[in-house]
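So the structure is just underneath, and the comments pick up after that.
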Amino acid sequence: MTALELKLARLEAALAALPSVVVAYSGGVDSAYLASAAHKVLGARMLAVTAVSASLSGFDRSQAEACAAQLALPHEFIETGEVSNPSYRANAPDRCFFCKDELFRKLGDLARARGYAAVAYGVNLDDLGDWRPGAAAARDHGVRTPLVDAQLKKMDIRELARRAGVPVWDRPASPCLASRIAYGVEVTEDRLTAVEKGEEALRALGFVRFRVRHHGELARIEVAPDELARALEPSMAERFVEALKPLGFTYVTLDLEGYRQGSLNLIKIPVRRAHGTQDVKSADREIGG
């Protein structure tokens, strides 16, 4: 048995030990694979649940729904209200704590009301090295972490998802829209909409891996390094301006370093919570972004 097969066996044994489970399902590869594995092991005793709010793009919602349908997963949507929470809107580096706290509270309520034994989410072993305030919320709510428990890394999950026929096995990361808004800039529905429409415009222009970073009056476009030459064409610059200025941006810029996860974590900002002060250090990857 290979190392990957051993990890898979551990995952399936952990899932089999659960009488039933609700899986927090965003439609990304981690949550999709976890939901697929749970469905394989538990059948109808699992439920994939996608949280809908202003921070979820319509594109990501449709992708999650299509993947669940293709895998024949039991799947539902619930509404979450993190955007109405002043602590979330303040957009400090611990913003994700308040998002996940709302999500896991809602999922816990659903699980108890429906008789599911546990709630699980798709954090993986590589994520443990990131700044992830949402992990604290998961611990607070007793949420299970089967992929971590099985010692699965991102590349392991992509390979197992490919073998299992999960259609999003190679999908680029697509975190919530709020992850594009610079720390300290208030998260509002208007700003989330601006990011969503801006990224819709880049997708329509044929770009594959990109972000529209919201810095208040300034939009900072990141595209993958292999797409940067096209983005630097004078005609494309004009298209960027035409697409983004009507969304409320005064300035439209193109980041010459290209798309990379973590660009908003390059500025250190102190986080103050009830349990003390913690400094956010420069990171290779943003909080999911």
Side-chain angles (χ1 to χ4, degrees), residues 8 10-56 60-61 63-85 87-88 94-125 127-128 132-150 152 157 160-161 164 166 168 175-176 178 287-288:
L8 175 58
R10 281 200 294 266
L11 173 64
E12 292 184 343
L15 291 170
L18 297 174
S20 56
V21 68
V22 170
V23 175
Y25 169 69
S26 67
V29 60
D30 296 331
S31 66
Y33 178 67
L34 177 58
S36 174
H39 188 234
K40 175 185 174 183
V41 172
L42 298 172
R45 292 181 289 126
M46 68 77 62
L47 177 65
V49 179
T50 302
V52 176
S53 73
S55 66
L56 177 71
D60 285 339
R61 174 173 178 160
Q63 292 286 297
E65 190 167 26
C67 178
Q70 187 167 334
L71 294 173
L73 300 177
H75 178 227
E76 294 182 12
F77 292 101
I78 59 167
E79 292 188 4
T80 54
E82 67 275 6
V83 180
S84 66
N85 182 343
S87 296
Y88 176 87
D94 59 350
R95 179 197 67 243
C96 285
F97 172 86
F98 303 102
C99 176
K100 289 294 190 292
D101 185 60
E102 167 78 357
L103 170 65
F104 295 141
R105 181 178 63 80
K106 289 284 183 72
L107 292 181
D109 289 346
L110 184 153
R112 284 186 290 273
R114 304 274 193 91
Y116 288 93
V119 174
Y121 82 126
V123 64
N124 68 64
L125 198 61
D127 294 332
L128 300 185
R132 288 189 177 259
R139 289 192 296 272
D140 289 350
H141 290 273
V143 176
R144 306 296 184 94
T145 58
L147 301 179
V148 170
D149 297 343
L152 286 164
I157 294 163
L160 289 172
V166 176
V168 296
C176 77
I287 305 170

Calculate, to the nearest 0.5 Å, the distance between atoms [atom1] and [atom2] belonging to [X] and [Y] respectively.
X      : Y      : atom1 : atom2 : value
Leu56  : Thr50  : CG    : OG1   : 7.5 Å
Tyr33  : Leu11  : OH    : CG    : 5.5 Å
Leu152 : Ile157 : CG    : CD1   : 5.5 Å
Arg139 : Thr145 : CZ    : OG1   : 10.0 Å
Ser31  : Asn124 : OG    : CG    : 11.0 Å
Asp140 : Phe104 : CG    : CZ    : 10.5 Å

Can you see which heavy atom on [X] is nearest to which on [Y], and at what distance?
X      : Y      : result
Pro146 : Tyr121 : CD-O, 4.0 Å
Ala118 : Arg144 : CB-CG, 4.1 Å
Leu103 : Ala24  : CD2-CB, 4.4 Å
Ala32  : Val168 : CB-CG2, 3.7 Å
Gly122 : Asp127 : O-OD2, 4.4 Å
Pro175 : Asp60  : O-OD2, 4.2 Å

What's the verdict on side chain to side chain contact (heavy atoms under 4.5 Å, CB included) for Tyr25 and Cys67, showing C-alpha distance, side-chain angles and the deciding distance?
CA-CA 10 Å; Tyr25 169 69; Cys67 178; 3.2 Å; yes
Between Leu147 and Val123, is a side chain to side chain contact (heavy atoms under 4.5 Å, CB included) present by the stated rule, with each step listed?
CA-CA 7 Å; Leu147 301 179; Val123 64; over 6 Å; no
Distance-only criterion, 3.5 Å: show the donor-acceptor pairs between side-chain atoms of residues 105-113 and protein atoms not counting sequence neighbours.
unit_1 : atom_1 : unit_2 : atom_2 : d
Arg105 : NH2    : Glu102 : OE1    : 2.8
Lys106 : NZ     : Glu79  : O      : 3.0
Lys106 : NZ     : Glu102 : OE2    : 3.2
Asp109 : OD1    : Arg112 : NH2    : 2.7

Can Arg95 and Glu82 be counted as an ion pair, charged N to O under 4.0 angstrom?
no
Full working for side chain to side chain contact (heavy atoms under 4.5 Å, CB included) between Val29 and Val166:
CA-CA 8 Å; Val29 60; Val166 176; 5.6 Å; no
With Ser20 via side-chain contact (heavy atoms from CB on, under 4.5 Å) - residues at least two apart:
Arg45, Tyr116, Ala117
Using the side-chain contact (heavy atoms from CB on, under 4.5 Å) criterion, which residues pair with Ala38? Sequence neighbours excluded.
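In terms of side-chain contact (heavy atoms from CB on, under 4.5 Å), with neighbours along the sequence ignored, Ala38 is linked to Leu15, Val21, Val23, Met46.
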Take Lys40 and Glu12 through the side chain to side chain contact (heavy atoms under 4.5 Å, CB included) test and state the conclusion after the steps.
CA-CA 9 Å; Lys40 175 185 174 183; Glu12 292 184 343; 2.9 Å; yes
Validation row: His141, Val119 side chains within 4.5 angstrom (heavy atoms)
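Side chain of His141 against side chain of Val119, heavy atoms only: no contact under 4.5 Å found.
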